[in-house]
Amino acid sequence: QVQLVESGGGLVQAGGSLRLSCAASGRTFSSYVMGWFRQAPGKEREFVATIYWSGGSTYYANSVKGRFTISRDNAKSTVYLQMNSLKPEDTAVYYCAAKRYAPRTTMVNEYDYWGQGTQVTVSS
């Protein structure tokens, strides 16, 4: 079984930055695809970014491209989401997710494991 634990959320002013972390445990992850998703109140969960654990190839939603960066630290089994130039519309609960095998996908229901989420609030 895989456990994913997010941290790093909080309250920040528009234009500020936050870095989210997702600590993964329970299995080896070399074949995994890791993703970040978010869910705002009253809205469906949406894709933010994804990365291949082995090769590091990344893909982003258009809404965050150029502002957010996903990365991973193999030694720490941790995936990060660096969020810069934050906007009020980035306010949401952010979730880390893991998919056991390639290819990467933006579809929520194709990920196998999920963390509990961390709240990000951006004030105007």
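Side-chain atoms of Phe68 and Ser85, non-hydrogen and from C-beta on, never get closer than 4.5 Å to each other. Under the 4.5 Å side-chain criterion, counting only non-hydrogen atoms from C-beta, Val93 is not in contact with Phe37. Side-chain contact between Thr105 and Tyr111 is present, with heavy atoms from C-beta onward closer than 4.5 Å.
Taking hydrophobic clusters as Ile, Leu, Val, Met, Phe, Trp and Tyr residues chained together by side-chain heavy-atom distances below 4.5 Å, Tyr32 does not share a cluster with Tyr59. At a threshold of 4.5 Å between side-chain heavy atoms, the hydrophobic network of Ile, Leu, Val, Met, Phe, Trp and Tyr places Tyr94 and Val64 in one connected group.
Residue Trp36 comes nearest to Ile70 through the heavy atom pair CD1-CD1, 3.6 Å, listed as atom of the first residue, atom of the second, then distance. The two residues Val108 and Arg45 make their nearest non-hydrogen contact at CG2-O, 3.7 Å. Residue Tyr52 comes nearest to Ala102 through the heavy atom pair CE2-CB, 3.6 Å, listed as atom of the first residue, atom of the second, then distance. The heavy-atom pair separating Met34 from Ala98 by the smallest distance is SD-CB, 3.6 Å. Among all heavy-atom pairs drawn from Arg72 and Ser54, the shortest one is NH2-O, 3.0 Å.
For the atom pair Thr78 OG1 and Leu4 CG, the distance stands at 10.5 Å (nearest 0.5 Å). How far OG of Ser30 is from CG of Asn74: 9.5 Å, rounded to the nearest 0.5 Å. With rounding to the nearest 0.5 Å, the separation of OG1 in Thr91 from CD in Gln119 is 7.5 Å.
Applying the salt bridge (charged side-chain N to carboxylate O under 4.0 Å, His left out) test to pairs two or more places apart or on separate chains, those with a residue in residues 105-124 are Arg100-Asp112.
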CA sep, side-chain torsions, deciding dist, call: Tyr60, Arg67, side chain to side chain contact (heavy atoms under 4.5 Å, CB included):
CA-CA 10 Å; Tyr60 297 92; Arg67 300 188 298 123; over 6 Å; no

What's the verdict on side chain to side chain contact (heavy atoms under 4.5 Å, CB included) for Val79 and Trp53, showing C-alpha distance, side-chain angles and the deciding distance?
CA-CA 9 Å; Val79 177; Trp53 195 276; 3.1 Å; yes

Side chain to side chain contact (heavy atoms under 4.5 Å, CB included) for Met83 and Val122? Distances and angles first, verdict last.
CA-CA 11 Å; Met83 305 186 295; Val122 184; over 6 Å; no

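Other residues, nucleotides and ligands contribute over 12 non-hydrogen atoms within 6.0 Å of the OH atom of Tyr113. Counting heavy atoms of neighbouring residues, nucleotides and ligands inside a 6.0 Å radius, atom NZ of Lys43 does not exceed 12 of them.
A donor-acceptor pair is defined here as one N or O able to donate and one able to accept, closer than 3.5 Å; no such pair exists between the side chain of Gln39 and the backbone of Ala92. In this structure, the side chain of Glu6 engages the main chain of Cys96 through a donor-acceptor pair within 3.5 Å.
Classified by interplanar angle (parallel below 30°, tilted 30° to 60°, perpendicular above 60°), the ring pair Tyr95/Trp114 is perpendicular.
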Indicate every side-chain donor-acceptor pair of residues 14-26 with a distance under 3.5 Å to a residue at least two apart or in another chain.
unit_1 : atom_1 : unit_2 : atom_2 : d
Ser17  : OG     : Asn84  : OD1    : 2.9
Ser25  : OG     : Gln3   : OE1    : 3.3

